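Quantities reported herein were computed from a predicted structural model and do not represent experimental measurements. Heavy-atom basis, side chains included; hydrogens, waters and symmetry copies ignored.
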Amino acid sequence: MTAIAVHQFAQCITCHAWSPDHSMVAFCPNNNEVHIYKSLQDNWERVHVLQKHDQLISGIDWSVRSNRIVTASHDRNSYVWNLEGSEWVPTLVILRLNRAALCVQWSPKENKFAVGSGAKTVCICYYEQENNWWVSKLIRKRHDSSVTNVAWQTNNLLLATTSTDGKCRIFSTFIKGVDTKDSRAGKFSDSKFGELIVQLDLSFSWAFGVKWSPSGNTLAYAGHNSMIYFVDEVGPSPLAQSVAFRDLPLRDILFVSERMVIGTGFDCNPMAFAADERGIWSFIRFLGERKTASGSKYGSQFSEAFGKLYGQSKQGVGNDPVESSRLRGCVHENCITKDAPYPLNNCLFREPFTEKAS
């Protein structure tokens with residue numbers, strides 16, 4: 001499968017998000033700004049530049065119903081941007097962090113958002129109507145290292161996190177006055193804010209890219225040991241599967257259906273995983289075509305072994321990621337840090353918009 005379209009917006013993109021109607025994309029070009037581009041016929045035109053953060057922006061999410069943008073940055077702050085007329089107006093959210101904010105995501109009902117950080121803390125932020133500001137409530141002393149990703153379950157209550165301590169955890173985020181009782185999940189109806197529902201110790205390395213399936217019944221995340229993990233029946237006795245692959249580790253994953261996942265990461269080439277009729281997950285194929293260099297010679301035994309370790313070809317490909325990705329026929333020339341769905345004329349399959357980072 002080849003790329004539908006390729007657009008070079010910047011030399012490096014650290015994070016991005018699509019507008020509700022997918023006519024605009026907001027991204028950080030590896031600095032403290034957010035650039036918003038709009039699709040005009042066959043071209044993309046920059047229409048806004050959001051400037052408020054002092055350091056690198058590490059997370060962006062664009063709400064579907066309320067049309068608000070939330071950003072998180074290494075400056076330990078977060079902003080909620082509202083479109084007033086033709087200008088985006090920022091509102092500061094005090095996160096009370098002493099380390100960088102690393103990721104952010106709106107909840108399904110868009111009345112809360114979660115921020116993961118390098119302070120081993122997750123901030124659950126919500127809007128107080130009485131005081132007309134955004135406040136944060138912290139989940140502390142649960143992680144042993146940085147929180148790399150957060151993902152909301154469809155019930156607006158459960159939040160999954162991954163961390164560089166190698167674990168995936170699921171917490172309750174019920175906040176009195178914000179969430180209603182009917183939003184609580186059945187077997188977790190008595191859970192309190194910050195309560196640890198389950199801790200998954202499947203990976204012995206850093207964990208990334210946690211996501212829920214569209215129904216919220218399956219959880220998946222990636223390990224830095226070139227493995228991807230799938231968990232069903234989340235609770236005291238979850239059912240877990242692990243799929244190992246020989247290529248470089250993943251950084252992010254995306255459910256395109258209940259039985260198909262797209263994984264992206266250091267191999268510069270999106271990977272497809274699927275479950276069969278029995279619910280057994282396995283690697284299917286790369287989305288980008290893989291091509292080997294013609295006329296090249298085999299390297300030494302050490303070079304060949306080193307190439308296998310890093311998922312490279314046996315044909316003497318060097319260790320330069322740019323050169324190797326070109327030889328494989330990949331669109332991207334460096335690590336793909338995030339993917340997001342993009343609808344194509346009511347197609348069931350949604351091609352992920354991937355980004356490259358240095």
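- A ring-centre distance under 6.0 Å is not found for Trp281 and Phe273.
- The closest side-chain heavy-atom distance from Val70 to Trp106 is below 4.5 Å.
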Which donor-acceptor pairs under 3.5 Å do side chains of residues 193-211 form with protein atoms, sequence neighbours excluded?
residue	atom	partner	partner atom	Å
Glu195	OE1	Lys192	N	3.0
Gln199	OE1	Arg169	NE	3.1
Gln199	NE2	Asp201	OD1	3.2
Ser203	OG	Ser205	N	3.1
Ser203	OG	Ser205	O	3.1
Ser203	OG	Ser205	OG	3.3
Ser205	OG	His224	N	3.2
Ser205	OG	Asn225	N	3.1
Lys211	NZ	Asp252	OD1	2.8
Lys211	NZ	Ile253	O	3.4

Derivation of the side-chain hydrogen bond (donor to acceptor under 3.5 Å, both in side chains) call for Thr121 and His143: CA-CA 7 Å; Thr121 300; His143 300 87; over 6 Å; no

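- To the nearest 0.5 Å, atoms OG (Ser226) and CZ (Phe266) are separated by 9.5 Å.
- Results of the ring pair (Phe, Tyr, Trp, His ring centres under 6.0 Å) test with Phe113 over Tyr79, Tyr126, Trp134 single out Trp134 as the only residue that passes.
- Within the 4.5 Å cutoff, the side chain of Gln11 has no heavy atoms near those of the Pro29 side chain.
- Residue pairs meeting the side-chain hydrogen bond (donor to acceptor under 3.5 Å, both in side chains) criterion with at least one partner in residues 54-65, sequence neighbours excluded, are Trp62-Asn67, Ser63-Ser66.
- Between Val243 and Met227, the closest side-chain pair of non-hydrogen atoms is not below 4.5 Å.
- With sequence neighbours excluded, the residues satisfying salt bridge (charged side-chain N to carboxylate O under 4.0 Å, His left out) with Arg278 are Asp276.
- Residues Phe283 and Phe245 keep their aromatic ring centres 6.0 Å or farther apart.
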Test log, rule salt bridge (Lys or Arg N to Asp or Glu O under 4.0 Å), inputs Lys109 and Asp179: CA-CA 10 Å; Lys109 292 186 177 180; Asp179 298 299; over 6 Å; no

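- Within a 6.0 Å radius of CZ in Arg140, no more than 12 heavy atoms belonging to other residues, nucleotides or ligands are found.
- By the neighbour-count criterion of 12 heavy atoms within 6.0 Å, atom NZ of Lys52 is sparsely surrounded, having that number or fewer from other residues, nucleotides or ligands.
- Using a 4.0 Å cut-off between charged side-chain N and carboxylate O, Lys120 and Asp165 make no salt bridge.
- Considering only residues two or more places apart in sequence or on other chains, Ser107 meets the side-chain hydrogen bond (donor to acceptor under 3.5 Å, both in side chains) condition with Asn111, Asn156.
- Partners of Ser136 by side-chain hydrogen bond (donor to acceptor under 3.5 Å, both in side chains), not counting sequence neighbours: none found.
- Residues passing the side-chain hydrogen bond (donor to acceptor under 3.5 Å, both in side chains) test with Asn82: none are found, sequence neighbours excluded.
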